[in-house]
Amino acid sequence: MAHLPILRYPDPRLHTVAKPVQAVDARIRALIADMLATMYDAQGIGLAATQVDVHLRLIVIDVSEERNQPLVLINPVIAWASPERVRGDEGCLSVPGIYDGVERSTAVKVTALDGEGQSRTIEAEGLLAVCVQHEMDHLMGKVFVEYLSPLKRNRIKTKLLKQLKEERA
C-alpha cells in the first residue's frame with residue numbers, strides 16, 4: 001500500500017468536481033487500500049479521493065476509537081439529511097493545523113457502493129454524519145474553509161502559503 005500525497009489548501013485541484021466511479025475493479029480496490037493507509041498515517045478520520053488528486057467519487061472514513069472499522073463509500077448520495085443542525089469545529093488533512101466551526105446536519109442517510117461494489121445504505125449521526133458531509137463536500141470541489149468568512153479564509157490561505165514556502169526553503 002502506497003502513501004499518497006495529500007493536496008493542501010489553497011491548491012486549485014481541491015476545487016475539481018469528482019466524476020462517478022464506473023466500475024469497482026482492481027484499480028479502485030488498490031486506490032481504496034492506498035487511501036486508507038494514507039488516512040491512517042496522517043491520523044485523519046476521513047479522506048476523499050479528490051484530496052489525493054484522484055477526481056473520482058470515492059471516500060474512506062474511520063471514526064472508530066480503535067481505527068479498525070473502515071467505511072468505503074463509492075458514488076455516495078445523501079438521500080436524507082436531518083433538519084436539525086449542529087455547529088462544531090472541523091479540521092481537514094488538506095488544511096493542516098486549522099480548525100473552525102462549521103454547521104452540518106446532525107444525521108444523514110447515504111446510499112453508495114462499498115469497496116466490493118455492493119449497494120448499501122448508511123444511516124449516520126454525530127461525528128460520522130459530520131465526516132460524511134465533510135468528505136462529500138470534497139467530491140463537489142468544496143473545502144470546509146469555504147463555509148468561513150472571507151476574512152478568515154484569506155488568513156488561513158496566507159498562513160498555509162507561508163508554511164508551504166518555509167517547508168520548501
- Message: I'd like to know whether L164 forms a side chain to side chain contact (heavy atoms under 4.5 Å, CB included) with K162, so could you lay out the CA-CA distance, the side-chain angles of the two residues, the decisive distance to 0.1 Å, and finally the verdict.
- Response: CA-CA 5 Å; L164 193 59; K162 182 180 177 192; over 6 Å; no

- Message: Donor-acceptor check, side chain of R120 to backbone of A112, threshold 3.5 angstrom: yes or no?
- Response: no

- Task: Quick one: list whatever passes side-chain hydrogen bond (donor to acceptor under 3.5 Å, both in side chains) with R168, sequence neighbours left out.
- Result: none

- Item | Pairing of R87 and E103 as salt bridge, 4.0 angstrom limit | no

- If we ignore angles and hydrogens, is there a donor and acceptor under 3.5 Å between the side chains of T111 and T121? no

- Message: According to a hydrophobic-cluster definition based on side-chain heavy atoms being under 4.5 Å apart (Ile, Leu, Val, Met, Phe, Trp, Tyr only), do V102 and V130 belong together?
- Response: no

- Message: Tell me if a side-chain donor or acceptor on S105 pairs with a main-chain N or O of A107 at a distance below 3.5 Å.
- Response: no

- Message: Between V108 and Q133, does the side chain to side chain contact (heavy atoms under 4.5 Å, CB included) criterion hold? Intermediate values first, please.
- Response: CA-CA 8 Å; V108 292; Q133 292 168 84; 3.8 Å; yes

- Item | Joint hydrophobic cluster, L58 plus L47, side-chain heavy atoms closer than 4.5 Å | yes

- Query: Looking only at atom types and distance, does a side-chain atom of D62 sit under 3.5 Å from a main-chain N or O of Q69, one as donor and one as acceptor?
  - Reply: yes

- Item | Close side-chain approach of V17 to H15, heavy-atom, < 4.5 Å | no

- Let me see the working for L160 and V95 under side chain to side chain contact (heavy atoms under 4.5 Å, CB included), right down to the final yes or no. CA-CA 8 Å; L160 292 177; V95 191; 3.6 Å; yes

- Connected via hydrophobic side-chain network under 4.5 Å: I61 and I74: no

- Tell me, do L7 and V52 make a side-chain contact under 4.5 Å, heavy atoms counted? no

- Any side-chain heavy atom of I32 sitting closer than 4.5 Å to one from L36? yes

- Is there a path of hydrophobic side-chain contacts, each under 4.5 Å between heavy atoms of I, L, V, M, F, W or Y residues, that connects V60 with V54? yes

- Message: For K159 and I98: C-alpha separation, side-chain torsions, deciding distance, then whether side chain to side chain contact (heavy atoms under 4.5 Å, CB included) applies.
- Response: CA-CA 10 Å; K159 180 178 180 177; I98 306 293; 4.0 Å; yes

- Item | Contact check, side chains of L73 and L71, non-hydrogen atoms, under 4.5 Å | yes

- Message: According to a hydrophobic-cluster definition based on side-chain heavy atoms being under 4.5 Å apart (Ile, Leu, Val, Met, Phe, Trp, Tyr only), do L31 and M39 belong together?
- Response: yes

- Message: Please determine whether a side-chain nitrogen of the Lys or Arg among D137 and R104 lies less than 4.0 Å from a carboxylate oxygen of the Asp or Glu.
- Response: yes

- Message: A side-chain contact here means heavy atoms from C-beta on lying under 4.5 Å apart; do L56 and I28 qualify?
- Response: yes

- Query: Has K109 got more than 12 heavy atoms of other residues, nucleotides or ligands less than 6.0 Å from its NZ?
  - Reply: no

- Any side-chain heavy atom of M136 within less than 4.5 Å of one from I59? yes

- 4.5 Å side-chain heavy-atom contact, Y40 and H3: no

- Message: Filter on side chain to side chain donor-acceptor pair (under 3.5 Å), then keep only pairs touching residues 92-102, sequence neighbours left out; what's left?
- Response: Q51-S94, D100-K152

- Item | Side-chain heavy-atom pair L4, M35 within 4.5 angstrom cut-off | yes

